Each structure stands twice: as C-alpha cells, then as structure tokens.
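To keep things clear, I will list the structure first and then write my remarks on it.
These figures come from a predicted structure and were not determined experimentally.
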Amino acid sequence: MAFFPSFQSAIRSFTSALKQRFTAEFYPQNPAALPSSSAPECGMRGVWIPSTDCQVLTSKQRIAEAINFLADTGFNTVFPVVWNRGFTTYPSQIMREQFGVEIDARYQGRDPLAELIVEANRVGLKVIPWFEYGFVSSYNLNGGHLLAKKPEWAARDCNGNLLKKNKFEWMNSLDPEVQDFLLGLMLEVARNYPVHGVQGDDRIALPCEGGYDAKTVKRYRQECGREPPQNCREQHWLHWRADIITEFVARLHRELKAINPDLLLSMSPSPYDWGLVEYLQDSLSWVDKKLVDMLHPQFYRRDFNGYKQLLDRLIDGQLTCEQVSCVSPGILLANRGGNYSMNPELLLQVIAYNRARGVPGEVLFFYEGLRDNDNALAEALKNGPYG
C-alpha cells in the first residue's frame, strides 16, 4: 500500500534532517564527501544484521544497543540488510515510483538505515548496506508483489514456469530492465547515505535452471546462432549466462566508483565453483577483473575440516597471494531454521586458521548468533582475537 502524501513528506524530511546531521557532525570540512573506505589495519571484523530472526532494526533503542554491543566486542564493520522480501529498510524513491511502497511496512515512519548510520558513526563502526535478496523477488509467495506488478520480469525454467529454488522465486537477472532496477536501488543508497560501500549477496546470481524466458532465448539465438540446450549446465550456455551476471557486476562497480572512488563494492557469493555451476556466479572472474573490492565467500560449514577445505581450495588453487588480501570469508554462527549455534571453540579455531593462512578478517552470519548462550561467542571474540 502506498503512503499518503503527507506521510511521504514526513519521511523525506526526517531523512533529510539526518543527512544534514551526518554532514555537519562527521564531515564538516567537506560536506559533499563520503567517508574513506580504506580497510581497517586490523582486518575486517564484520557482522551481518538481518531483519529475519533478528530484532535489531525494529527500534532506535535496539539499534543503539546492538551497535554498542558490537563496538564493545571489537567489531569494526556492520552489514545491515536494506533489501529483502521485495522491500527496502529505508525510504526508497525508486520503490515508491515503481511499486508504490517506499519502505517495508514494519518500518513505516522511520528510516532504520539512517538511524543505524548515526549510531555506527558515534562509535566508529563502518556501515556497508547489504542487499540480501539481490535478484530474488520473494520467498514462497509465487513472486510476491514485485512480479504481480511486473510479470515480465520473472525468470523462467526450461518448462516456462516461474523459476523457483529452495522456495525462493527469482526475477530474471539477465534482463536489462531487472538489472537497471536493482542497480538503481544500490546506487540510490550509495548516493543518499554516508556509507562505506554496498554489498551484493549470493543472490547477485541466477539459478542455473533459469534463462529460458522468451527475451533471453531470443538474445542467445541472435548472439550464438543456436537454441539454448535443455541441459541447463551445458558449458557454453552456462558460461554465456554467467558472463551476463559478470557484466552486471562490472557495471555496478563502475557506477559505484563514479559516485565516489572510495566506496567499496563488497560481494558475498557462494563458494567457487559450486556458485558458478549452480548460480552462474563466476566470482573468480570478478576478482581477476578487479570488479570487487572485498569478497566474502559464504564458507558456511559446521565443522573445522569442512571450513578448512574450502579456504585451502580458495588460497591454494583459485586466488593469487595478492588477491587473498581482499578476502574475508563468511562464517556461519547460527541457523535458526536448523537450530544450529556454533560453539566458541570452533569459532576461535576457524579465525586462527584464517590468520595462519594470511586471511586478514571475516564476516559473521549473523548478529543474533553472538547473543546466544549468554553472549558466548561475543565473549570468546572479545577475550580473544577481537580483544
């Protein structure tokens, strides 16, 4: 449901006032400048703050408490969600114009992103907004309100059905209009908020079963002189589609740097080459072509050997020594759906192995895992490697 005009005006006034506060308080010498994006000397100590199974964004008080807690624990970067389930967690002009909904209904009358930035700046934490859903339109809602409004944006499998994988329903990541939409959201945040960059999740991608919509089939036929194969993992067809995703990442990087060269493009893909085969994420090409500033591959394993194998494969067989410096792997602290909570001994073992292999940091998924069991993981970090 669209906001009433007076309510829209109130939100815009609120956001404008916060931006003026940012400028006056944190950048008095150069009001147009955005914060420097140089990496912390101690390495990345990051954490994702979602809106699913997490209450941080539900009030200013909870945001302030969480940011204080993270700063006290020793973190230096937060990745707050700003895009999931087809809605933003900030008032978006693009969403208002295209879909009539400025912000997720849970946050009407507020701007959680602006509130979080104020608190993070107060304690010296960097903020990189996290576009969790990427090209996903909805979760178990048959496309949700995005595809209800724009059915031509739907991704299709080889049978012409809406592309679904693990209950997620996908927009067509290969469609220029869809790419323009997501790019617009990411640049909107980069332009309007004093952030240190933006982050694309493992859904800056397309399940390999997709690409069989009429527009993409026509493009493939014109460019390659053949029909898309029924085998969605056939090498030429797979790499042709992956290259289109890579071109999107290149465009995002280019346009982000045009706003400010110091802004970071952070990406959190699935592990290579599983991410390439299953989701058309050619993340090694992104690094080789210097299209990303930080890479956080999701090494979500629940045992040390599983994590070690992924990290060793990345360092020994996929990246150069120089490239490893941009890597801060994603570590799974908790999985509410699977009732999983990492134990402190495993977390410390994984971080110690990161440092032993020359990996300077990590990003932890997710905030609530730090608070489980009387803050056990946070205490282990504070009294250990993040002390």
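Ring geometry for Trp48 against Trp130 counts as tilted: the plane angle lies between 30° and 60°, on a 0 to 90° scale. Relative ring orientation between Tyr279 and Trp274 is described as tilted, the plane-to-plane angle lying within the 30° to 60° band.
The cationic group of Arg301 does not satisfy the cation-pi geometry with Tyr307, failing either the under 6.0 Å distance to the six-membered ring centre or the 45° limit from the ring axis. Stacking of Arg85 on the aromatic ring of Tyr133 is not recorded, the 6.0 Å distance cut-off and the 45° axial limit not both being met. Annotation: cation-pi geometry satisfied between Arg302 and Tyr340 (NZ/CZ under 6.0 angstrom from ring centroid, within 45° of ring axis).
Of the possible polar contacts, none joining the Trp153 side chain to the Leu146 backbone as a donor-acceptor pair under 3.5 Å is found. A side-chain donor-acceptor contact under 3.5 Å links Arg45 to the backbone of Gly74. The closest donor-acceptor contact from the side chain of Asn172 to the backbone of Leu174 lies under 3.5 Å. Under the 3.5 Å distance criterion, the side-chain polar atoms of His296 are left unmatched by any main-chain donor or acceptor of Gly330. Between the side chain of Asp111 and the main chain of Leu113, a donor-acceptor pair closer than 3.5 Å is present. A donor-acceptor contact shorter than 3.5 Å links the side chain of Glu169 to the backbone of Asn140. Not one N or O on the side chain of Ser266 forms a donor-acceptor pair closer than 3.5 Å with the backbone of Val198.
In terms of heavy-atom proximity, Lys164 sits nearest to Asn142 at NZ-OD1, 3.5 Å.
Residues satisfying the side-chain hydrogen bond (donor to acceptor under 3.5 Å, both in side chains) criterion with Glu188, sequence neighbours excluded, are Tyr90, Ser92. Under the side-chain hydrogen bond (donor to acceptor under 3.5 Å, both in side chains) criterion, Arg355 pairs with Glu362, sequence neighbours left out.
For the residue pair Ser137/Trp170, the side-chain donor-acceptor check at 3.5 Å is not satisfied. Judged by distance alone, the side chains of Asn84 and Ser51 do bring a donor and an acceptor atom under 3.5 Å apart.
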